[in-house]
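Every value quoted in this text rests on a predicted model; they were computed, and no experiment measured them.
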Amino acid sequence: NEKMHLDKDILYKGNKIYSPETCVFVPQRINSLFNKSKTYKNRTNKELPIGVFEHGDKYIARCRVYKDGKSESIYLGTYNTEYEAFKSYKVYKENLIKQVADYYEHIIDRELYKAMYEYEIEIDGCGCCGSPYLWDRKKNNYIANCISYEDDGKYHYEEENEWQEF
């Protein structure tokens, strides 16, 4: 007896066109999983990744979950870097999407189920240089153009012409 929503961008991420080929009716709970939360800025006015909030010199990961028409914010942990906090959010959110897909498996379209299982949460572009973040499998971290991997085995980023370790 759940409300159904017409969705245009679960099957085709980033789609802006409503058409029979790109849209699918989904239960409200599924649609709410894909609503982008507001992103926040740190004290230097740099936009933080989705699911990340600054708290002093640390970063908190939280995920907003909608269930039975109610919204709840789930605390996922406190981290030293925004990237670590984002990774926590990403893992939690992708697993949540899979759990909900499994719950609706015998109700939803097979293509929708597959799209939910393959869906990846991505970090938005770097607030420093604007470039998209890239996943570095070797270091298990996100990097942008302003970040380099130095011989000391650590990442550094350039801010006002000074290299800083993170």
Side-chain angles (χ1 to χ4, degrees), residues 7-16 26 28-67 70-103 112-166:
D7 187 89
K8 68 181 178 339
D9 53 6
I10 296 175
L11 296 180
Y12 300 97
K13 199 173 193 177
N15 178 48
K16 304 284 184 219
V26 301
Q28 181 177 1
R29 181 174 176 204
I30 290 176
N31 200 42
S32 70
L33 284 172
F34 296 92
N35 291 341
K36 268 208 161 183
S37 300
K38 174 184 173 187
T39 56
Y40 293 88
K41 295 185 178 187
N42 68 8
R43 61 182 102 81
T44 62
N45 212 27
K46 178 183 158 195
E47 194 168 288
L48 294 169
I50 188 169
V52 177
F53 305 86
E54 191 173 43
H55 184 71
D57 63 345
K58 302 281 186 184
Y59 296 89
I60 294 174
R62 290 189 168 283
C63 184
R64 184 148 308 278
V65 177
Y66 297 90
K67 192 171 184 180
K70 296 178 183 170
S71 171
E72 178 183 356
S73 181
I74 307 292
Y75 170 78
L76 304 175
T78 301
Y79 301 88
N80 291 323
T81 70
E82 63 189 82
Y83 308 100
E84 292 171 318
F86 174 74
K87 284 192 294 187
S88 174
Y89 172 84
K90 174 182 172 62
V91 167
Y92 182 87
K93 185 74 175 216
E94 288 174 357
N95 285 333
L96 177 62
I97 291 169
K98 287 176 177 73
Q99 288 172 8
V100 172
D102 287 340
Y103 177 84
L112 173 59
Y113 180 83
K114 184 178 180 238
M116 290 175 71
Y117 250 81
E118 293 173 354
Y119 198 88
E120 289 188 35
I121 304 298
E122 297 171 351
I123 196 167
D124 291 332
C126 174
C128 173
C129 68
S131 72
Y133 286 104
L134 304 173
W135 183 251
D136 183 335
R137 292 175 195 267
K138 181 178 177 185
K139 294 296 282 184
N140 198 30
N141 206 348
Y142 284 91
I143 59 171
N145 283 339
C146 60
I147 299 172
S148 71
Y149 180 65
E150 297 296 314
D151 291 334
D152 61 6
K154 297 177 181 165
Y155 281 109
H156 298 265
Y157 67 95
E158 188 173 1
E159 186 171 345
E160 297 179 10
N161 300 321
E162 289 184 32
W163 289 99
Q164 300 185 17
E165 182 180 314
F166 73 93

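Between D9 and G14, the closest heavy-atom pair is CB-N, 4.0 Å. In this structure, A61 and A85 approach most closely via the heavy-atom pair CB-O, 3.3 Å.
Counting heavy atoms from C-beta outward, T78 and H55 have side chains that stay 4.5 Å or more apart. Side-chain contact between K87 and Y79 is absent, with no heavy-atom pair separated by less than 4.5 Å. Between R62 and I74, every side-chain heavy-atom pair lies at or beyond the 4.5 Å cut-off. Residues I121 and I97 form a side-chain contact, since some pair of their non-hydrogen atoms from C-beta on lies under 4.5 Å apart. Looking at heavy atoms from C-beta onward, Q99 lies in side-chain contact with L96 at the 4.5 angstrom threshold. The shortest side-chain heavy-atom distance between I30 and I10 falls under the 4.5 Å cut-off. Using a 4.5 Å cut-off on side-chain heavy atoms (C-beta onward), L33 and M116 make contact.
When the shell of 6.0 Å around OH of Y117 is examined, it contains more than 12 heavy atoms from other residues, nucleotides or ligands. Annotation: K13, atom NZ; neighbour count of heavy atoms from other residues, nucleotides and ligands within 6.0 Å is above 12.
Here the side chain of E82 pairs no donor or acceptor atom with the backbone of Y59 at under 3.5 angstrom. A donor-acceptor pair under 3.5 Å is absent between the side-chain atoms of K90 and the main chain of G51, judged by distance alone.
The distance from atom OH of Y89 to atom CZ of F53, rounded to the nearest 0.5 Å, is 9.0 Å. The distance from atom CD of E118 to atom CG of L11, rounded to the nearest 0.5 Å, is 11.0 Å. For the atom pair R29 CZ and Y66 OH, the distance stands at 13.5 Å (nearest 0.5 Å). Rounded to the nearest 0.5 angstrom, R64 CZ and K93 NZ are separated by 10.0 Å.
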Start with the C-alpha gap between Y92 and V65, add the side-chain angles, then the distance that decides, and say whether side-chain contact (heavy atoms from CB on, under 4.5 Å) holds. CA-CA 11 Å; Y92 182 87; V65 177; 4.3 Å; yes
